[in-house]
Amino acid sequence: MKKRTVLFFLSLLFVFCLTAPVGHAAQPNMQKALEALQQAEKSLNKAAHDKEGHRVKALELVKQAIEEVKAGIKAGVK
């Protein structure tokens, strides 16, 4: 019985994944913005650390922006 329940829920999960809308495909501008922010984050991480705190602050803001864009993509799918 337990095995059947697990298989049932795995089947539901599989069907959900197949039918779930892909948010970023329908939102190319948001996806491009997300990619640009992720590239900015990588560049800031590689930059020299001697920037009087501005690099660290910029990195924090970019990370915050990444989360906001992700939330916007998710909200746009609804």
message = Tell me whether Asn45 at atom CG has more than 12 heavy atoms from other residues, nucleotides or ligands lying less than 6.0 Å away.
response = yes
inquiry  = For the CG atom of Leu34 and the NZ atom of Lys32, what is their distance to the nearest 0.5 Å?
reply    = 13.0 Å
inquiry  = Taking atom NZ as the centre, does Lys57 end up with more than 12 heavy-atom neighbours from other residues, nucleotides or ligands that are less than 6.0 angstrom away?
reply    = no
query = What distance separates Gln64 CD from Glu68 CD, expressed to the nearest 0.5 Å?
reply = 6.0 Å
request  = Using a 4.5 Å cut-off on heavy atoms from C-beta on, say whether the side chain of His49 contacts that of Val56.
outcome  = no
request  = Look up atom CZ in Arg55 and atom CD in Glu60, then write down how far apart they are to the nearest 0.5 Å.
outcome  = 10.0 Å
remark   = Residues Gln31 and Ile73: closest non-hydrogen pair is OE1-CD1, 4.1 Å
